[in-house]
J.: 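This is the structure I have questions about; it appears just below.
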Amino acid sequence: MEEFRLQKFLAHSGVASRRAAEEIIASGRVFVNGKRANDPSLKVTVKDKVTVDGKTVTVTRTKTYIIMNKPLGVLSSASDDRGRQCVVDLVKLDNVRLYPVGRLDYDTQGIILLTDDGDFMQRVTHPKYEMAKTYEALVKGEPSEDDLSRLRQGVELEDGMTLPAKADVVRFKGPNAVVKIEIREGRNRQVRRMLDAIGFPVLKLKRTAIGGLGIGDLRVGAWRNMKHRDFEDLFGKQEAKKLKFG
Ligand code: URA
């Protein structure tokens, strides 16, 4: 049976953030199996009776799921041997080993998920699920409907034909345009290469959504724990119910 540190147990039960949980424990409000617990690293399982201020606390979630708005110039890795800042460094959580869910280029901003749940990682990134990813690309020039239809049919890249993408110009910016593009693969630098292939190099790239989960008003560099609603947006309501993540 999985054991948790008491602090983590409280955080996963939704009682408090990890930091606040530590304070609650230190203030003597937490009892485990009838005994006051002052040690945040005390090991507990779901079988233990944990109370805060006399109320029983149950774990609703044992894994961590985070949504982040990745800034430019940050690696979507767990660590870097050249000392560059990684997405994982932006999240200050004790005792959780997080991994980014898929990749986002160093020079791409936008939504990225982080987790310590391998099954969730697989469900989002495995090519067989064809999870949609939506980007806004500022491109040099103004693609026509004919140009966009090449993206919609699939583009021949050096590593083979891409799946058909959804693509539209959402606005013009001087001599350039912003193209909204949705792809269902995760090849290296795929959006840049697809737009290059049709003659419209990318000047700036931002990922705005994964599945139906948009970045919303999360500011650049900020992150938060995913809520129930986020899982529904990500997978769709029915599928989220079946999958039971989070
Ligand atoms: N496609 C790209 O070109 N870059 C990314 O970061 C993601 C998709």
Side-chain angles (χ1 to χ4, degrees), residues 66-77 84-87 90 100-114 124-125 127 129-224 226-227 229-230 232-236:
I66 282 170
I67 173 173
M68 176 189 285
N69 190 345
K70 182 185 100 57
L72 296 175
V74 176
L75 281 179
S76 61
S77 328
R84 287 170 297 178
Q85 194 174 38
C86 301
V87 281
L90 301 180
V101 179
R103 285 186 311 233
L104 201 56
D105 293 339
Y106 191 70
D107 47 356
T108 304
Q109 185 227 306
I111 181 172
I112 187 159
L113 306 178
L114 293 97
V124 178
T125 59
Y129 297 114
E130 297 186 4
M131 176 62 87
K133 271 96 48 186
T134 309
Y135 298 82
E136 279 188 15
L138 176 67
V139 299
K140 190 161 187 289
E142 296 184 0
S144 65
E145 273 300 300
D146 282 351
D147 295 320
L148 296 174
S149 73
R150 292 183 58 197
L151 300 173
R152 293 173 189 148
Q153 280 158 25
V155 177
E156 185 67 44
L157 299 178
E158 60 190 15
D159 50 356
M161 195 75 178
T162 70
L163 290 174
K166 287 186 185 161
D168 287 290
V169 169
V170 287
R171 57 187 174 275
F172 294 102
K173 257 191 161 177
N176 303 323
V178 176
V179 175
K180 183 172 171 183
I181 176 166
E182 180 192 294
I183 60 171
R184 290 180 177 269
E185 298 161 282
R187 299 194 215 170
N188 197 23
R189 298 182 80 80
Q190 183 169 343
V191 170
R192 289 173 210 272
R193 290 192 292 137
M194 286 175 81
L195 284 156
D196 254 344
I198 65 158
F200 295 90
V202 171
L203 304 172
K204 228 173 167 183
L205 188 60
K206 179 163 86 177
R207 183 156 71 189
T208 56
I210 303 176
L213 175 59
I215 195 63
D217 53 11
L218 200 60
R219 62 182 171 73
V220 178
W223 61 271
R224 62 173 171 77
M226 283 175 64
K227 301 180 191 135
R229 175 71 201 274
D230 296 324
E232 292 185 347
D233 289 346
L234 180 62
F235 298 114

J.: What distance separates R192 CZ from D105 CG, expressed to the nearest 0.5 Å?
T.: 5.0 Å

J.: If we only count heavy atoms from C-beta on, is the L113 to L234 side-chain gap below 4.5 Å?
T.: yes

J.: Can you tell me how far apart CZ (R103) and CG (L75) are? Round to the nearest 0.5 Å.
T.: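 Taking CZ in R103 and CG in L75, the distance rounds to 12.0 Å.
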
J.: Which pair of heavy atoms, one from L90 and one from P71, lies closest together, and at what distance?
T.: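 So the two residues come closest at CD1-CD, 3.8 Å.
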
J.: side-chain contact (heavy atoms from CB on, under 4.5 Å) with R187: which residues, sequence neighbours excluded?
T.: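 In terms of side-chain contact (heavy atoms from CB on, under 4.5 Å), with neighbours along the sequence ignored, R187 is linked to L157, D159, T162, E185, Q190, R193.
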
J.: Between OH of Y106 and OG of S77, what distance do you get to the nearest 0.5 Å?
T.: 10.5 Å

J.: Hey, could you give me the OG1/CE distance between T125 and M131, rounded to the nearest 0.5 Å?
T.: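 The CE atom of M131 is 9.5 Å from OG1 of T125, to the nearest 0.5 Å.
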
J.: Show the nearest heavy-atom pair for residues G102 and I112, with the distance to one decimal.
T.: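 Between these two residues, the closest heavy atoms are O-CD1, 4.0 Å.
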
J.: Keeping N176 on the side-chain end and G141 on the backbone end, is there a donor-acceptor pair under 3.5 Å?
T.: yes

J.: How close do V74 and C86 get, heavy atom to heavy atom, and via which atoms?
T.: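 Result for this residue pair: CG1-C, 3.5 Å.
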
J.: With sequence neighbours left out, write down each residue that passes side-chain hydrogen bond (donor to acceptor under 3.5 Å, both in side chains) with D233, or none if nothing qualifies.
T.: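 Residues passing side-chain hydrogen bond (donor to acceptor under 3.5 Å, both in side chains) with D233: R229.
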
J.: Are any side-chain N or O atoms of K180 and backbone N or O atoms of V178, one a donor and one an acceptor, separated by less than 3.5 Å?
T.: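 Flag not set: sc K180 to bb V178 has no pair under 3.5 Å.
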
J.: What are the two closest non-hydrogen atoms of S76 and K70, and how far apart are they?
T.: CB-CD, 4.5 Å

J.: Quick one: list whatever passes side-chain contact (heavy atoms from CB on, under 4.5 Å) with V169, sequence neighbours left out.
T.: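 Counting only residues at least two positions away or on another chain, V169 forms a side-chain contact (heavy atoms from CB on, under 4.5 Å) with P143, L148, F172, A177, V179.
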
J.: Apply side-chain contact (heavy atoms from CB on, under 4.5 Å) to the pair L195 and L151, showing each step before the final yes or no.
T.: CA-CA 8 Å; L195 284 156; L151 300 173; 3.9 Å; yes

J.: State which residue, out of D107, T108, D196, fulfils the side-chain hydrogen bond (donor to acceptor under 3.5 Å, both in side chains) condition with R189.
T.: D107

J.: In sequence, state the C-alpha distance, the side-chain angles, and the governing distance for V191 and K133, and then conclude on side-chain contact (heavy atoms from CB on, under 4.5 Å).
T.: CA-CA 10 Å; V191 170; K133 271 96 48 186; over 6 Å; no

J.: Please tabulate, for side-chain N and O atoms in residues 204-218, each donor-acceptor pair with protein atoms closer than 3.5 Å (sequence neighbours left out).
T.:
residue : atom : partner : partner atom : Å
R207    : NE   : I111    : O            : 2.9
R207    : NH1  : Y135    : OH           : 3.2
R207    : NH2  : I111    : O            : 3.0
T208    : OG1  : T134    : O            : 3.3

J.: How would you list all residue pairs meeting salt bridge (Lys or Arg N to Asp or Glu O under 4.0 Å) that involve residues 139-150, not counting sequence neighbours?
T.: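 Only E145-R152 qualify under salt bridge (Lys or Arg N to Asp or Glu O under 4.0 Å).
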
J.: For E130, enumerate each residue passing the salt bridge (charged side-chain N to carboxylate O under 4.0 Å, His left out) test, keeping only those at least two apart in sequence or located in another chain.
T.: none

